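Heavy atoms only: backbone and side chains are in, while hydrogens, waters and symmetry mates are out. Order of the sequence lines sets the chain letters (A, B, ...), proteins ahead of strands, with each chain counted from 1. From a predicted model like this one, the values you see are computed outputs, not experimental measurements.
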Amino acid sequence: MPSEPRGKVTINSNECKGCGLCVDACPPKCLELAPELTPYGVHPARYLGSACTGCGICFYACPEPGAITVYRMMPPPKSPATLSQEANRAATL
Amino acid sequence: MRQLCKGNVAVVKGALLAGCRAYYGYPITPASEIAEAAAELLPQAGGTFLQAESEVAAINMVYGAAAAGLRVLTASSGPGISLMQEGLSYLAGAELPCVIVDVGRGGPGLGNIAPEQGDYFALVKGGGHGNYRNLVLAPASVQEMADLTMLAFDLADRYRNPAVVLTDGYIGQMMEPLELRAHDVPQPEKPWAVCGTPETRQNLITSIYMEPDVLEAHVRKLEAKYRQAAQAEARYELYCADEPEVLLVGYGIVSRVLRSAVDLARAQGVRAGLFRPITLWPFPSQALARAARRCQSVFVVEMSTGQMVEDVRLALDGRVDVEFFGRVGGNVPLAEEVCQELLVRMGMTVDWGV
Amino acid sequence: MSDYRVIEAKSSVFFDRYERKPELQQQTHYCPGCGHGVVHKLIAEAIEDLGLQDRTILVSPVGCSVFAYYYFNTGNVQAAHGRTPAVATALKRSHPESIVIGYQGDGDLAAIGMSEIVHAANRGEKFTIFFVNNAIYGMTGGQMAPTTLVGQMSTTTPWGRRPSNEGFPLHMAELLATLEAPVYIERVALCDNKNIMRTRKAVRKALELQRDAAGFSFVEILSPCPTIWKMTPAEARNWVAEKMLPVFPLGVLRDRKLPPSGNAVPPQHSVAELLELAAPGEAPSTLQPPRAPLPGLAVNIAGFGGQGILLLGQVLAEMGLRAGQEVSWLPSYGPEMRSGSAHCHVCLANERVGSPLVEHPQVLVAMNEPSLRKFAAQVAADGLVLYNRDALPAGFSVPQARVYCVPASEIADRLGAAKTANMVMLGALLELTHALPAETALAVLQTKVRNPALLEINRHALDAGAERIRKAVPPAILTTA
């Protein structure tokens with residue numbers, strides 16, 4: 001089973017105007033314009049579902065304020081041992 | 001304490017007393033003393049004076065200061081007022097209160113710097129684009145330069161609309177006694193202003209309404225406001241107007257000349273009276289119609305080729321004969337000249353008794 | 001399932017739903033691929049991150065971004081075409097704590113608003129301008145902009161922009177960088193990912209500088225307009241890189257602190273002090289009848305600019321005021337103060353002054369011959385003429401009036417102050433008419449002449465004028481001379 005991607009993207013098809021700039025800008029090329037049309041008559045961008053690194057570049061390429069939301073995977077929670085180690089280090093500094 | 005004061009300076013003193021702390025303007029003869037007095041006085045009272053790069057910039061700075069909720073003043077003369085007309089339309093459209101003083105000079109074009117009343121149409125009838133009005137006040141003395149400037153601020157705030165003090169080079173340049181008294185000037189709340197604060201964050205100042213129905217509703221709202229002002233704000237003064245056979249009508253400096261002309265005419269046995277509009281918009285039409293009710297004729301004198309006379313004719317609606325006498329080019333009619341013209345038109349000969 | 005957290009999303013500085021927009025309230029009015037949306041996002045993000053939302057006033061221009069206020073949940077003011085810097089100037093000066101952002105396009109800023117932007121920048125107004133340059137008029141449908149490239153087609157340059165006809169594209173960032181006051185000027189471009197992030201940094205920096213009250217900050221943003229350029233959004237972005245960048249080089253043109261200034265600080269006073277107001281309880285100073293009734297007087301004072309004509313009139317009017325009279329002083333004005341003829345009318349009256357124009361003066365003070373010849377005929381019957389020579393011009397007479405020849409300039413010269421000729425005349429006038437008590441003349445002069453030595457000479461001048469009248473040959477003889 002492939003590992004889960006580091007990031008993911010959601011696209012609000014109410015806002016997307018299908019300009020394609022995000023598709024162009026995406027480094028891992030994990031976005032495309034969908035074949036179907038929105039009620040406005042444009043092909044909206046969509047996430048291919050894998051390979052997103054959560055870099056956020058598509059967000060800044062997109063001219064619509066809220067069309068794209070970018071997520072990044074949370075780091076795994078730290079174990080209590082790691083936390084106390086870090087606390088000790090901080091105390092000695 | 002009564003002080004000898006120049007009309008233009010009295011404007012700024014009245015403005016200060018009315019709580020005005022912002023002046024943005026551009027110099028022009030014969031209005032420059034207003035900018036000079038503002039430059040001297042406002043910063044000493046914690047206010048702002050800025051000499052703008054043009055009248056176009058000045059009126060848009062007025063727009064900004066008014067949007068920010070301040071009582072703000074500017075002044076100019078004919079050529080500069082022409083440049084401000086764009087801004088006046090925006091100010092009225094965005095419902096921003098402010099006071100503009102026009103110290104009239106000879107036109108059209110560069111004309112000259114001597115006094116004239118040729119800006120009546122430009123300010124009373126409009127001048128900028130669209131359906132709007134200016135509230136227009138016409139002082140006839142140095143004291144009124146201060147008093148009517150103060151009133152202009154109140155009216156501007158009351159109606160959220162530009163108010164204009166329309167005067168001329170003589171009233172602006174002359175010196176007369178001025179008495180100013182300390183009094184509390186209640187500064188109206190302006191919850192609509194944009195101040196860069198949490199409370200005003202939702203506020204928007206604009207004059208653009210793209211939907212025809214929405215713009216129509218906005219213009220109707222302005223119209224209702226103007227109708228209300230027309231009912232409530234007309235002001236005028238009468239002199240010897242008890243059953244006159246002829247009523248002289250003039251505003252500003254001309255009304256001063258006409259006051260003397262009335263005295264001269266009365267000495268000649270003519271029962272003359274004077275009607276002086278203090279507000280030019282709203283024009284005191286009803287009061288004029290009342291005052292002229294039993295007159296044989298109404299004699300309008302202006303330093304123009306006939307601008308206010310149109311409003312006189314509308315007010316009287318053909319019920320009374322309206323005669324007009326005008327001087328232009330910076331010539332101020334003399335009392336004797338007016339009296340002589342009046343008597344000639346009444347079919348009388350003149351006897352000065354000298 | 002792993003946990004994902006949001007790292008990039010719509011800024012809270014934007015409205016959730018654009019309720020000021022008449023329709024399609026979930027999206028902007030900009031065309032697909034338009035640069036304005038990106039600039040909006042970068043500004044909103046910076047406002048949010050810097051915590052400036054409550055303090056921000058956005059000034060929208062005329063052009064495609066006229067509706068910026070649909071989107072920004074900040075204070076908003078919409079300005080006339082090109083006037084954003086003027087409006088912003090007064091907003092910022094009215095509320096110095098606010099964060100004022102002017103948003104302008106190329107037509108708005110570099111054509112119709114050239115004057116306003118240059119002067120606001122030159123004054124170092126402490127606000128920020130974001131200048132979106134897409135080398136074309138978008139809102140009006142594709143006419144030439146002042147930044148349109150040479151050869152670039154537009155609806156008003158059908159053969160491409162020709163320098164022989166339209167001149168060359170204007171470089172606003174460079175132009176403003178010739179001024180002293182701006183603290184930060186940078187040109188950036190929305191042409192690729194890297195440059196979008198540079199733009200993000202520039203926008204943020206400009207607002208940080210304003211937050212710190214550093215001075216005028218200006219960011220020019222080269223921006224795509226796919227619709228008017230008739231390109232796909234991707235092509236338009238590339239066109240910015242390939243065509244605009246060579247003409248409008250990117251980079252920081254100004255980044256410095258404002259040098260310390262030597263600004264004078266105006267003294268602060270209460271309004272009552274500034275205006276010499278009557279105290280609240282003080283009785284109104286109505287017209288006080290003078291102890292001995294004074295005659296009213298209408299005076300015309302005429303001469304040459306620089307002879308103190310207007311001051312003489314002012315002193316007379318001020319004296320009347322002090323004596324409880326109604327007064328008016330009406331000057332000739334304008335070029336006269338820069339030499340040429342000058343005159344003023346003074347009315348002293350015991351009731352409200354009607355016309356301040358003196359048609360028939362009871363007294364004419366003629367300080368030179370042209371003034372005498374111009375105004376003598378207007379003098380009232382039995383009036384007075386005071387003429388600034390020891391005799392009337394040969395063959396000239398004023399039959400209806402009494403003429404006194406007072407060589408005031410010569411007398412003043414002998415006193416060592418030629419400029420006091422006007423006071424010699426005033427002394428003569430007061431001695432002749434007894435219109436006002438002569439001692440108030442000096443009291444008034446004390447408020448106008450600060451130099452004690454000069455004041456003393458003025459006193460001598462007043463005395464000399466009066467003395468001349470006391471010793472004068474009866475006027476009847478003079479008029480026939």
Under 4.5 Å between any side-chain heavy atoms of Arg237(C) and Leu21(A), yes or no?
yes
N/O donor-acceptor pair under 3.5 Å between Lys17(A) side chain and Thr28(C) backbone
yes
Among the listed options Val39(C), Val6(C), Thr232(C), the residue most often paired with chain A at heavy-atom distances under 4.5 Å:
Val6(C)
With a 4.5 Å cut-off on heavy-atom pairs, point out which of Pro233(C), Cys31(C), Ser11(C) contacts chain A the most.
Pro233(C)
Heavy-atom count check: over 12 atoms from other residues, nucleotides or ligands less than 6.0 Å from [X] [atom1]?
| X | atom1 | value |
| --- | --- | --- |
| Lys21(C) | NZ | yes |
| Arg6(A) | CZ | no |
| Lys29(A) | NZ | yes |
| Asp16(C) | CG | no |

Can you tell me how far the [atom1] atom of [X] sits from the [atom2] atom of [Y], to the nearest 0.5 Å?
| X | Y | atom1 | atom2 | value |
| --- | --- | --- | --- | --- |
| Gln27(C) | Tyr40(A) | CD | OH | 5.0 Å |
| Gln26(C) | Ser13(A) | CD | OG | 9.5 Å |
| Arg17(C) | Asn14(A) | CZ | CG | 8.5 Å |
| Ile7(C) | Cys55(A) | CD1 | SG | 7.5 Å |
| Asp24(A) | Asn193(C) | CG | CG | 9.0 Å |

Take Phe59(A) and Lys10(C), measure what side chain to side chain contact (heavy atoms under 4.5 Å, CB included) needs, and give me the verdict at the end.
CA-CA 9 Å; Phe59(A) 177 83; Lys10(C) 184 174 178 177; 5.7 Å; no
Considering only heavy atoms, which portion of Phe15(C) lies under 4.5 Å from any heavy atom of chain A: side chain, backbone, both, or neither?
neither
Nearest heavy atoms of [X] and [Y], plus distance in Å:
| X | Y | value |
| --- | --- | --- |
| Met73(A) | Tyr4(C) | N-CD2, 3.4 Å |
| Pro63(A) | Cys34(C) | CB-O, 3.2 Å |
| Arg5(C) | Met74(A) | CD-SD, 3.2 Å |

Proximal component of Cys58(A), with respect to chain C [non-hydrogen, under 4.5 Å]:
neither
Chain C contact via Pro39(A) - side chain, backbone, both or neither, heavy atoms under 4.5 Å
neither
Run the side chain to side chain contact (heavy atoms under 4.5 Å, CB included) check on Tyr60(A) and Leu42(C) step by step: do they pass?
CA-CA 8 Å; Tyr60(A) 291 101; Leu42(C) 299 179; 3.6 Å; yes
